[in-house]
Each structure stands twice: as C-alpha cells, then as structure tokens.
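Everything on this sheet refers to the single structure shown next.
Within every chain, numbering begins at 1; the chains are lettered A, B, ... in the order of the sequence lines, protein sequences first and strands thereafter.
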Protein chains: 2
Amino acid sequence: MVKILNNPMNEDSSVRSVLRGGQRIRARNEARLINAAIQVFADRGLEGATTARIAETAGLPKANLYYYFASKETIYRRAVLGILEKWLDAFNALSPDDDPALAIADYVRAKMTASFNHPAESRLFARELLSGAPIVKHYLETELRDWVARKSVIIKAWSDKGLMAPVSPPHLFFIIWAATQTFADFSVQIDCVLGPEDRSSRQEIATDEIVSFVLRACGLGG
Amino acid sequence: MVKILNNPMNEDSSVRSVLRGGQRIRARNEARLINAAIQVFADRGLEGATTARIAETAGLPKANLYYYFASKETIYRRAVLGILEKWLDAFNALSPDDDPALAIADYVRAKMTASFNHPAESRLFARELLSGAPIVKHYLETELRDWVARKSVIIKAWSDKGLMAPVSPPHLFFIIWAATQTFADFSVQIDCVLGPEDRSSRQEIATDEIVSFVLRACGLGG
DNA sequence: GAATAACCTGACCATATGGTCAAGATTTTA
DNA sequence: TAAAATCTTGACCATATGGTCAGGTTATTC
C-alpha cells in the first residue's frame, strides 16, 4: 500500500470511526466534498472550478467547505493525491511467474474498465499533468518511477526468455496508459468519430480491440 | 484544404497583403496574439489564462488585444480552430496505393514530430477535449468523422487484401493519436519516469519505439 | 499635405469569486 | 444535563481580472 495522503480514512477508521461518533460527520462531509471536487475539477480545471460549485455539488453551503478545507488548492491537492494513491495501489499486477499474455491482457483490461467507470478521475489527473504536474510531480519522480522500474524488470525478463517481443518496458506503459485513458480523457472525440450508433456495445468492443492490439504488438498473438 | 476559419490569412493574403499595407499591421499583431494565446491557453487553460498575460507574452498591452479580439472566448476560439484546421490539412497521408507499412510508419512519425515540435498545440487541443469540446465538437462530428471514414476505407482495403492484420480502423487512429500525443500532453510524466539521463536522444528512441510498436500490432513486422 | 482610416494605450469600471467571521445549532463527553 | 467540542451558515469583504473608452499617434489614401 502506497502511502501518500495521511487522512484518517487510510487507517483503522473504516470500522471504529463509523461506530464512535468521533469524526463521523467530518469523514462523511469530507468524502462528499472530495467526490464533488473530483467531478468539478475534472470538468472545469483548477481555475475554472469555483468553490461555490463544488460545495453545491456536494449539497453543502460554501462556507462549510472552508470549514473542512483551508483553500481551493487544499481540496484540489487532496483530490489529486487521493487519485494517485488509489491508482498506484489498484494496478499492482504483473508478477514474474504470470503468463505474459494473461498478465498484460488483465492489466490493459483493468485500465479500460477504470477509464469507462471512473472517467472523472482520469480527466482530473490529465489536467494536472497538462499543467505541469505541480502537485504530483514529486510522486511521479519517486513512487511512479519506482513502480515502472519494478515492472520493467519483469517485462525485460519475459522478453529475454523469448516469451514476448523485445519492447522498451517504459514505452510499453506509456502506450498502454495513453491508449486506455484516451477513452476517459477524450471520450467526446471518440463519440463524435464513432457517431451515434451502437453506443451500448462500445465499451466491450473498444476493450477487446485495445487488448488484442497491445498483445499483437508484444508478439503475443491476439 | 479544409476550411474552418475564414481569416484573411487563408486566402491570397500571403503575397498581396504583405506588400500593400492594407492589413499588414493587423495580420502581424493578430498572429503574435494567437501564438501567445496558444502558449498561455495550453499552459493554463481557458479560465486559468488571463488576457493580460496573453498580451504580455505577445509583447503588447492588454487593451491592444481587445482592439483585435472582442473577448477572451473569441481569441480562444481562433486559437483552437486554427489548430484543428492545421491538423486536418497536415495529416492527409494514407493513399490506397501506398505500402501499408510505409504509409502507417510515415503517419505515426509525423504525429510524433508534431508532438515534440509543437507540444503547446497538442496540449491546448487536449484541454478543449477534456472540457467537452465546446468549440470543436461540431467539427469533430463532421470534418474529423469524415476524415476517419475516408482513411478507414483504405485501411479496410489493406486488411481485406491480407496486406495487414484486421484492425478496427477507427480504433487504430484512437491508439495512434493517444500514443503520439501523450509525448506532448503528458511529457512531464514521461520525463519523470525516464529520469534525467539521456534527455537528448529521447525523441528518436520514442519515435522508433512507437512506430515499430504500431507496425507490429498491425501485423507489419517491425 | 490634408483628410481619413487604422492603430495604440493608460486609466478606469463592474463583477465574480476566494476566503472570512461571528453567532448559533448539534453532537459528544463526563 | 451541563459544559465542551464540533459543526453550520448567511452575510460580508478584498482582490483579480474581463472588458471599456477617450484621447492620442501612426499609417494610408487621394
């Protein structure tokens, strides 16, 4: 478990603090506000979002937001770091003993599911990166860099054994991240190009297409 | 040539209006302001950018910006539509008689070059899409959709003839766009992950990696 | 070279919004 | 149940910034 934020929700809180009243109201309202913030920041960006709108989305008056968060930057920070932490934990697949095809397919599939089910998180993160990553830069240089280094060893081992094509592991991740997150970040574009037909089956088709594309590129049939 | 904006620069201006004084000053100052706007909007977004900063970047006082553009939205619109028009014209490759491997490699290479040489344009466009494409949506539904439809016929013909693997042509473009533009849009992330070594050779390495990745996925060796 | 059109800009205004606060309501604790 | 702690919120303020404008300068035309 990667520890980035040290909010109480990271600890034993889930049981205790829900029972005792200690921080019950605080936990509930902060969660509401963070979720609202993710939505609004994802849609409008740090400067485009107003604290009034975040509060309204959370169903609370603006002054209440400032009771829990010192500033707009503070709640932005919490939202972005929360997403990063969640992502680093969620995608921890790829162990050396796995079958490369299965492991990579699983990873890509999980990323696609995340893009379709939680697009706002991806969009907010995209905005943070577009702005030069003022908040997460430090974690990209450490946590994420290490994560990629660890996974790269595994990929390298696979291609050295001839189990897959020799790809540059970091670039493999860059492509997978880009190709999967594009379905969250730039979904307007995709919807416009594909037009109004068959909107329902689209997630499955896209997922299969991206998975087999990546597998083929890795020399893993498909 | 796709016509989206009807600014004078699209017509015979290049010769005549540079010679006659007619619109000379206007053309020069509008160009300066648009270029500055692309930079500033790319870095900060529509709401984060200030007209004062755009003007300053262009080396003009703010009131001068408002002499040429009615509002911040107006200059934003001009910047975004200008990029779209340029892109639709620039990437018109892929003719049926080409060799698939060469044609696709050329296209990917051109997109990579654009990402490295004009990252601000890509970033601004990314922001526009993240915000739901309020300005370009209409053109995505028409110009871009048609563009993809035309290219899709060619790709389809190639795979029908067995010249390449059977891929969904639109999804091929989505992946290529995502994988190439990520080097402009999310370059911070890439730089953080790759660390401080060999900064110079990186463009070439990345380009080769993405090109051969895509070719392999298309069943075109690599 | 005078009249006309195009361009320039410091000073200014109106509004939106980030943030504060004081007074009161609820909840928790002992 | 009373005191302490936590939570709630309408009303308010200060500032940043989008946008205006009047008066002046430069360029173009005839």
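- The phosphate of D:dT6 has neither OP1 nor OP2 within less than 4.0 Å of any side-chain N or O from A:Arg24.
- Between the side chain of B:Lys62 and the base of D:dG18, a donor-acceptor pair under 3.5 Å is found.
- Taking side-chain N and O atoms only, A:Asn29 has a distance below 4.0 Å to OP1 or OP2 of D:dT8.
- Straight-line distance from the OH atom of A:Tyr67 to the C1' atom of C:dA23: 15 Å, rounded to whole Å.
- Ring geometry for B:Tyr76 versus B:Phe41: interplanar angle over 60°, hence perpendicular rather than tilted (30 to 60°).
- A salt bridge between A:Lys111 and A:Asp106 is absent, with no side-chain N of the basic residue lying under 4.0 Å from a carboxylate O of the acidic one.
- Ring geometry for B:Phe91 against B:Tyr107 counts as perpendicular: the plane angle is over 60°, on a 0 to 90° scale with 30° as the lower cut.
- Look at CZ on B:Phe69: it is 16 Å from C1' on D:dG18, rounded to the nearest Å.
- Distances shorter than 4.0 Å separate none of the side-chain N or O atoms of A:Thr50 from OP1 or OP2 on C:dT17.
- Distances shown here put a side-chain N or O of A:Tyr66 below 4.0 Å from the OP1 or OP2 atom of C:dG19.
- Between B:Arg26 and C:dC7, a side-chain N or O to OP1/OP2 separation shorter than 4.0 Å is present.
- We find that CD of B:Glu56 is positioned 15 Å from P of D:dA16, with the value rounded to whole Å.
- Between A:Lys151 and A:Asp146 there is no salt bridge, since no side-chain N of the basic residue sits under 4.0 Å from a carboxylate O of the acidic one.
- B:Ala55 comes within 4.0 angstrom of no nucleic acid atom, judged by non-hydrogen atoms across all strands.
- Across the protein-nucleic acid pair, A:Asn64 atom CG and C:dC21 atom P stand 17 Å apart, rounded to whole Å.
- To the nearest angstrom, P of C:dA6 lies 13 Å from CD of B:Glu30.
- Atom CZ of A:Arg28 and atom C1' of D:dT8 are 12 Å apart (whole Å).
- Rounded to whole Å, the distance from CG on A:Leu65 to C1' on D:dT9 is 13 Å.
- Phosphate proximity of D:dT8 to A:Tyr68: present, with a side-chain N or O under 4.0 Å from OP1 or OP2.
- Considering only side-chain atoms of B:Ile25, the nucleotide from D:dA27, D:dG18, D:dT9 that sits closest is D:dA27.
- In this pair, B:Phe174 and B:His171 present their aromatic rings perpendicular. The plane angle is above 60°, beyond the 30 to 60° band.
- Between the CD atom of B:Glu47 and the P atom of D:dG19 there is a distance of 12 Å, given to the nearest Å.
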